[in-house]
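Here's the structure, in structure tokens; my notes come after.
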Amino acid sequence: MTDRPTRRVLALEGLALALAVPAAVLLDGWSDWDPGLFGVLLALAVISDLVAVRVKVHKIVISASFLAIVTGVVFLGPAPGALIGVLAIGAGWLKDRYAAGHALINLVTYAWFPLITGFGFHALVEGSNIAPDEPAFLLLVFGLFCVSLAIDFALIAGYSCYEERSSFKTKVTRGLVPLLPSELASALLAVGVAFAYAQIGLAAVALFAVLIVVFQYLVGALLESQDRGDELELRARQLAGFQVALLSALLRTLDLRDKMTARHSAAVARYAREIAKQAGLSEAQQELAHTAGLLHDIGKFVLPDRILKGTDRRLSEADWQEIRKHPYEGARIVSHIDGYAPIGDIILAHHERVDGLGYPRGLRGDAIPEISRIISIADVYDVMTARDSYREPVSSYEAIEELRRVSGTQLDGRLVEAFIEVLADKDLSYRHGADADFEAELGLDKRIHDYMQSESPAPAVGEPAV
């Protein structure tokens, strides 16, 4: 926000605060300046603001001053209620010395909402001739509290949205909605205070003031606990996002080192998702298969270029031993990322065989994770059919025949048939993985996308006293 709009807004707020004075004078005919009740409510409002609990994540203040003001509006009138509000805000500002703009919008809000709601409340009570001991009176007190809360939130959150250029809807969902249960309790307390004062008098209000301060403390403790939980959740998401960003960087580095490995990973990811879908796995499992397919060879990052890129010379037994380590290395890299342990398990087992002759652990049959068996099929098929493979490519038909030949020994027969059904309606480019694009598949990966797009909790309001 530029300096000019800020000055204009401050000028408008100052004008609104100044206009509250003649409005209060006009409405003073409904006032009852009972010094005892006024003193008790003013003390409650000021003390509540001075010991208010501030919740950092939501940027809100938990104070019982609001309830004291509403009670003042009910029994003293609009003008005394507004004066209690202004004095409470002033006391809170002297203690905390927060930004002048926030202080001014708080003063405007706490001067005007008692005048507006007080006018409506007393006009209804007078026009309907409702006595304080009637149920209808208590229902009006409840309505007064709710309308006052709505005006309070709308003015302060609206100012905050203007200042931050943020969404009012977000303010409502993240700042007001979580507080509705406690505000409902506050509204019922206001009704209880009104009933007690009508039946017993000032002593009941004093007793309720003590109870209200205790209630304020309990609500503050609850939200402070939630505050700490939100901060921990935020830090965990930020760490996970950072870790996934590093993982994406590793994948792109692997892409730069060896385009064949990158294209192969993209093809396996795409094939794995389709196999999982054809086999009847859930959408979540399909996404898991896609992510695991994309990452299944990330363990090759540790291989030297002479092995990774391939040469004309024959690989030695030592070279093959290094290659066979890549499922373990891949699982080790991925498992360090929060939430990716299941993918690490899948990567670790993607070179196992259903007959138990695979590596690294020699798992057999159903002991191999189902998605690992899916990755194995997609991996074998792409290696056979890709034109950039280390070996001479074969036709899709020949590759299917080979898949069926090793079905039940190396590969899971049911999943092989599911893959063959997938390939039946696909074109030549798809069946040979020629159009598999690493960047496109990385961008489509939902788990990585979700982590990278995680947002921190949005603050609800500026510095109101709620």
Side-chain angles (χ1 to χ4, degrees), residues 240-241 243-244 247-248 251 261-299 327 330-331 333-335 337-352 354 363 365-383 385-386 396 399-400 403 407 410-427 429-454:
Q243 291 172 323
V244 174
L247 184 60
S248 298
L251 284 169
T261 298
R263 186 218 54 81
H264 170 69
S265 296
V268 170
R270 187 171 62 175
Y271 290 150
R273 189 204 298 269
E274 294 291 337
I275 297 171
K277 182 179 180 180
Q278 186 66 32
L281 274 63
S282 67
E283 288 190 15
Q285 291 293 96
Q286 293 169 33
E287 293 295 339
L288 193 61
H290 182 268
T291 303
L294 195 63
L295 302 176
H296 81 285
D297 272 346
I298 197 171
I333 291 170
V334 170
S335 295
I337 297 178
D338 186 32
Y340 272 58
I343 296 175
D345 293 339
I346 292 167
I347 291 173
L348 182 62
H350 81 275
H351 275 296
E352 301 287 357
V354 295
L363 300 180
D366 291 342
I368 306 169
E370 185 174 23
I371 296 179
S372 296
R373 285 176 269 151
I374 289 174
I375 301 294
S376 297
I377 295 168
D379 189 15
V380 169
Y381 176 84
D382 188 66
V383 168
T385 58
S396 179
I400 288 171
L403 292 180
S407 175
Q410 179 180 346
L411 305 174
D412 185 302
R414 177 180 64 86
L415 296 174
V416 165
E417 293 304 317
F419 186 39
I420 292 171
E421 291 176 16
V422 168
L423 295 173
D425 298 326
K426 302 297 184 181
D427 60 22
S429 179
Y430 180 94
R431 284 186 277 119
H432 284 272
D435 60 350
D437 181 78
F438 176 77
E439 282 294 332
E441 295 301 322
L442 183 61
L444 286 173
D445 185 74
K446 189 174 186 297
R447 287 177 63 87
I448 290 180
H449 177 78
D450 285 347
Y451 271 117
M452 297 300 289
Q453 296 300 318
S454 293

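Just so you know, these numbers use all the heavy atoms, side chains as well, and skip hydrogens, waters and symmetry mates. Quantities reported herein were computed from a predicted structural model and do not represent experimental measurements.
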Flag side-chain contact, heavy atom, 4.5 Å: [X] against [Y]:
X      : Y      : answer
Leu411 : Val354 : no
His264 : Asp379 : yes
Tyr271 : Ile377 : no
Asp427 : Tyr430 : yes
Glu352 : Ser376 : no

Once side-chain hydrogen bond (donor to acceptor under 3.5 Å, both in side chains) is applied, do any residues pair with Glu417, and if so which ones, sequence neighbours excluded?
Arg404
Looking at residues at least two apart in the chain, or sitting in another chain, which of them share a side-chain hydrogen bond (donor to acceptor under 3.5 Å, both in side chains) with Glu370?
Arg414
Nearest heavy-atom pair of [X] and [Y]: which atoms, and what distance?
X      : Y      : value
Thr385 : Ala399 : CG2-CB, 3.5 Å
Gly413 : Ser407 : CA-OG, 2.8 Å
Ala349 : Leu363 : CB-CD1, 4.5 Å
Ala279 : Leu415 : CB-CD2, 3.8 Å

Suppose we screen for side chain to side chain contact (heavy atoms under 4.5 Å, CB included). Which residues come up paired with [X], at least two apart in sequence or across chains?
X      : answer
Ala331 : Leu348
Asp435 : Arg270, Ser429
Ala276 : Leu281, Gln286, Ala289, Ile374

Does the gap between the ring centers of His351 and His296 come in under 6.0 Å?
no
Could I get the full list of salt bridge (Lys or Arg N to Asp or Glu O under 4.0 Å) partners for Asp366, not counting sequence neighbours?
Arg373
Before giving the answer on side chain to side chain contact (heavy atoms under 4.5 Å, CB included), spell out for Asp297 and His350 the whole-Å C-alpha distance, their side-chain angles and the decisive distance to 0.1 Å.
CA-CA 10 Å; Asp297 272 346; His350 81 275; 3.9 Å; yes
What's the separation between atom CD1 in Ile347 and atom CG in Leu294, rounded to the nearest 0.5 Å?
9.5 Å
